[in-house]
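Here's the structure, in structure tokens; my notes come after.
The chains referred to below are lettered A, B, ... by the order of the sequence lines, with proteins before strands, and numbering in each begins at 1. Values reported hereafter were calculated over all heavy atoms of this structure, with side chains retained and with hydrogens, waters and symmetry mates removed.
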Amino acid sequence: MDNTAFKKNKYDILVVGGGHAGCEAALVASRMGFSVLVITMTINDIAGMPCNPAIGGLAKGQLVREIDALGGEMGRVIDETGIQFKMLNKSKGPAVWSPRAQADKKTYHERMLKALREQRGLDIVEAEATGIIVESGRVVSVEINGGEKISAERVILALGTFPNGLMHIGEKKIPGGRRGEPPARGLTNQLASMGFEKRRLKTGTPPRLKKETVDFSKCEPQPGDHNPSPFSFRTTGIDREQILCYVTHTNKFVHELITRNIDRAPIYSGQIEGTGPRYCPSIEDKVVRFSEKERHQLFLEPEGLESEEIYVNGLATSLPVDIQEEMIKHIRGLEDASIVKYGYAIEYDFFPPHQIYSSLESKRVKGLYFAGQVNGTSGYEEAAAQGIMAGINASLALRGESPLILRRNQAYIGVLIDDLVTKDIDEPYRMFTSRAEYRLLLRQDNADERLLKYAVRYGLLPKEQWKEGIKRRKRVIRAGIRLSGETITKDICNKALKEVGGKEVGEAKRAGDLLSRPEVELSMLEKYLPDGPLKLSGREKRSLEIRAKYSGYIKRQGKMAERFIKMDMMKIPQNFSYMDIGALSMEAREKMEKFKPETLGQASRLAGVRAADLSIIMVMLEKGRKEKRG
Amino acid sequence: MGEKTIVALGTPPGESAIAVVRLSGGEAVAIADRMMDGAKSWESHQTHKRIIKDHNGEAVDDVIAVVMRGPNSYTGEDIVEISCHGSMHIVSAVIEEAMWLGAVVAPPGEFTKRAFLNGKIDLAQAEAVADLISSETKLQRSVALKHLTGGLSKRVRKIEEKLLTQLSLVEISIDFSTEEIETYSNGELTEASRWIRKELEELIGSKVAGRKLRNGIKITLSGPRNAGKSSIYNMLLGEERAIVSHIPGTTRDILRERIHINGFTYYLEDTAGIAEAESEIEAKGISVGIEAAAAADMVLFVIDGSVEPGERVYELAERLNIKRKMIVINKKDLGLKVGRKEVQKITGADSVIEVSALTSEGFDELRKWIYSNTVSLEIGKIVKEKIAINLRQAVALKRTMEALGRMEEGVSAGQPAEILSIELREAAAACGEITGRSISDDLLGNIFSKFCVGK
């Protein structure tokens, strides 16, 4: 196939960037019936993984499940190309379980590229976007390779770490978006000249080792789950063979080596100005800041079934190559390992997201959307989540409909975007379950329950794909109703409870009440149901069980959420002039002028805005309404 | 917002004869109804004489309540105005009771804001409403800051730090479970929670202290007849009389009045007087007086200094079985026949003061003595801190305590981290209402700076 050809010079939507955000944006928009062109610098890097070869993880797994429920591709692709699946936090309550999988980087890329290529209405062009053309405040076209212009009403920027990317390995600085690739300069600088504020962030990646030179027998093997749970509600099962990962550790020698050479680390020599993520520190950072720790855990993760590369998770570094060589040599199991690619740190520009609405459309230029790392986030899943939302909202705008804004109690995606538009981003933003105040509502097991309705309403998925999902939800709900109505006699209750060592009851109980006890499992309880076992799959049973066990807390969080939803329903016009309201505190005025909150709820989440400021805004909003009414 | 029933003091703060507590919102009448025992009807725009009881069934005060049903009220919502006696502790108790039943303390300018939003204030005044909210907030903040200085603020911050540490450890077990770092342990979590609850209990004050606050600290006047006890009693009431409420004594033989000294409330008791005679009836009187004195927090034993006190008087003074004993030598104006030192030596009193109930000489010293003794008493310490904590703060601390109580139950029931986290966050959020700090915003920062997380 000719990679540079595109069929026309006018599309409904242009997506600049073919990473995780770009792919989801392009796919969902074309599924919604629009013609889409993906502009990428290298087709070989479509859905690439420049950092660790894994999808999902704590809180990120929930994001993938949500993307999937919205008809996204990430879940299905990882289900088909994952080489080790693991449900994290299994020892914790089910609300915080998170699926994670090691990805085969190459097949992941191929499978995603296939999805793009097979998607009707979606074209790909290998080119560099060098300019955005704006007329009277709206985007009209994108210039590629410094010449040709392609028109579109909506443009989604999913540029990743390419904007003014600068890589650091020791004292060496290499301009580039990632290893071996040139940075994107023209576009970012043009956006800056249009008045977009940009700032700098930093992230890093560890060295990759040659697989056959690693002595895995000296490392501790880490197997995946016996019964892998798929990410996608559309995947029926995973029965591929799974690989092992391994764990080894750094040691005193390595730490001393780093300490001795710390002045050669760009983050300490002052060579790097961008802020790196505190949750993903480089090894030199860990050694300096936590000098009391004698060793740090390293995960050896294969980059694919056929791949010759091993990713050393935990050893992100920008130390010079000779130090990297020396470090590796002194780590157990890696004594003879050869480095295929050195670790590096990368600085890049991002556009602080107070410049976008929660629809991800920019406030400055109509029709222009920002998604992924350009908004200051980190992670494939965070990027994909924004990509799918940008794709949905660009399409809805073309349909003349209002955007889909997920609330904080509906999805991690909602938490993510709401945080972006209400918080100062000082480091790459990564999702954590602790960012969600309604964590018990946002579980990986109920993502489709929460979001599938939007996939149905907006046509994000063909009917044959959501039909089964909806049926499954209905089965679970019906079973729940059945359990709450079905009474089990006292004797049978006690027989069942005896089996699990539970406390006896003095009277007959409803099956639902029994299930809410921590010790009672549905698989056991089912045997004692007067109307016979439930006709549910394992996954459906699990989902029913979680609802029953958490029901009290779920209700409590639901109530809390109701209160804040009211605030989120109160809209604040964008032309609302905060600076003129003398009664507002100065700090509140400045914050609100900068973030221009879309709702009173968003205003309430800005740091420095107090309850009194919200009261004052309510009064002034009412004044505005009354004046309008006359 | 705009829907919770709010409660606030409607009259200026400080001691006064009558104070008005105002409730506004959908639940206002229901809350008033539950607070006031024996309520039968709540006709709008009529006065209703009621007794407020607290949730333990103890009477708080006799009040007059007026209901104004919306939209014909100042805010446009249902309003209940409760006129109670003006003691700070009664006002606190009334507001606290309303909060117990679901009302929230009105944020600054809230009544006016609601009036505006409900179209009760005309459009031209919008800016004035906004300014009012702003100025009341500034005032409240400066008051709150004043309260938050010194010991109290240090203690609340320490509680917050402990909560943050425990919450971080709990969250680490969820968000960083794949890393080799320490997380919470049930033992330490419970221990920290118990420590905090104990600390809070002290801050909020024990139940006994709470009752003392409402009823006042008891001072009994004791001593022989004709020593001028009643004159001293009246003198102490003297200037207070105009601003104190009169509460009739429950015991016929004992007169009780409330007095206020430097912000403390006292129950001043004038016992029937201990007679010097030897008759049986009089002997009974003596024992009543001695009993009353024994139950008091402080006793003022009054003697007539214009005459040489007899052996019997000294004996009585000595026999008083009390912690703090003060001898007041009265009738200084008539020339004293007995000296301070002599009396102190014979009776073993903590201190002796010479006064004249006629000329008021020595009364400033007497009040000072009462105050400084209150502060040095255990009850005084609690009262002082309780005064430092305003009601909103006390309610917030109570919420912290309750959440921690539930968390401890969760720990013993084997609840997982994400459930314990809910209660810890609730506890921290309540604390944050006092300090203005949002622990959930600090959480990740704290984890990143104190724990080696991240691969």
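- Counting heavy atoms from C-beta on, the side chains of B:Ile174 and A:Ser434 never come closer than 4.5 Å.
- Here the straight-line distance linking atom OG of B:Ser177 with atom NZ of A:Lys90 works out to 13.0 Å at 0.5 Å rounding.
- Contact of B:Leu117 with chain A is made through backbone and side chain together, with heavy-atom distances under 4.5 Å.
- By number of non-hydrogen pairs under 4.5 angstrom with chain B, the leading residue of A:Ile616, A:Ile617, A:Ile581, A:Leu88 is A:Ile616.
- Taking CZ of A:Arg289 as the reference point, atom NZ of B:Lys450 lies at 12.0 Å (rounded to 0.5 Å).
- Open room surrounds CE on A:Met569; 12 or fewer heavy atoms of other groups in view lie less than 6.0 Å from it.
- Of the two parts of A:Leu58, only the side chain, counted from C-beta on, holds a non-hydrogen atom closer than 4.5 Å to a non-hydrogen atom of chain B.
- Side-chain atoms of B:Phe116 and A:Met618, non-hydrogen and from C-beta on, never get closer than 4.5 Å to each other.
- Heavy-atom pairs under 4.5 Å with chain A peak, among B:Ile133, B:Asp131, B:Leu132, B:Leu167, at B:Ile133.
- In this structure a side-chain-to-backbone donor-acceptor pair under 3.5 Å is present from A:Lys92 to B:Ser173.
- Heavy atoms of A:Lys623 lying under 4.5 Å from chain B belong to its backbone as well as its side chain.
- The parts of B:Phe176 that come within reach of chain A are both its backbone and its side chain, each placing non-hydrogen atoms under 4.5 angstrom from that chain.
- The number of heavy-atom neighbours closer than 6.0 Å to CD of B:Glu27, taken from other residues, nucleotides and ligands shown, is 12 or below.
- Across A:Leu584, A:Asn89, A:Val96, A:Leu621, the residue that shares the most heavy-atom pairs under 4.5 angstrom with chain B is A:Asn89.
- Put simply, the side chain of A:Arg278 does not reach to within 4.5 Å of the side chain of B:Leu444, judged on heavy atoms.
- Distance check, rounded to the nearest 0.5 Å: CG of A:Leu440 to CD1 of B:Ile422 gives 4.0 Å.
- Listed by first then second residue, pairs satisfying side chain to side chain donor-acceptor pair (under 3.5 Å) with a partner in residues 403-423 of chain B read A:Arg439-B:Ser421, A:Tyr550-B:Glu418, A:Arg556-B:Glu423, B:Glu171-B:Ser421, B:Ser193-B:Glu408, B:Arg197-B:Glu408, B:Arg406-B:Glu423, B:Ser421-B:Arg425, not counting sequence neighbours.
- More than 12 heavy atoms of other residues, nucleotides or ligands sit less than 6.0 Å from atom CD of B:Glu161.
- In this structure, the portion of A:Phe290 lying under 4.5 Å from any heavy atom of chain B is its side chain and not its backbone.
- No side-chain heavy atom of B:Asp175 sits under 4.5 Å from any side-chain heavy atom of A:Arg435.
- Surrounding NZ of A:Lys293 are more than 12 heavy atoms belonging to other residues, nucleotides or ligands, all under 6.0 Å away.
- Proximity to chain B (any heavy atom under 4.5 Å) is restricted, for A:Met620, to the side chain, taken from C-beta onward.
- Listed here is the closest heavy atom pair of A:Ala583 and B:Ala130: CB-O, 3.3 Å.
- The two residues B:Thr178 and A:Gln297 come nearest to each other via the heavy atoms O-NE2, 3.2 Å.
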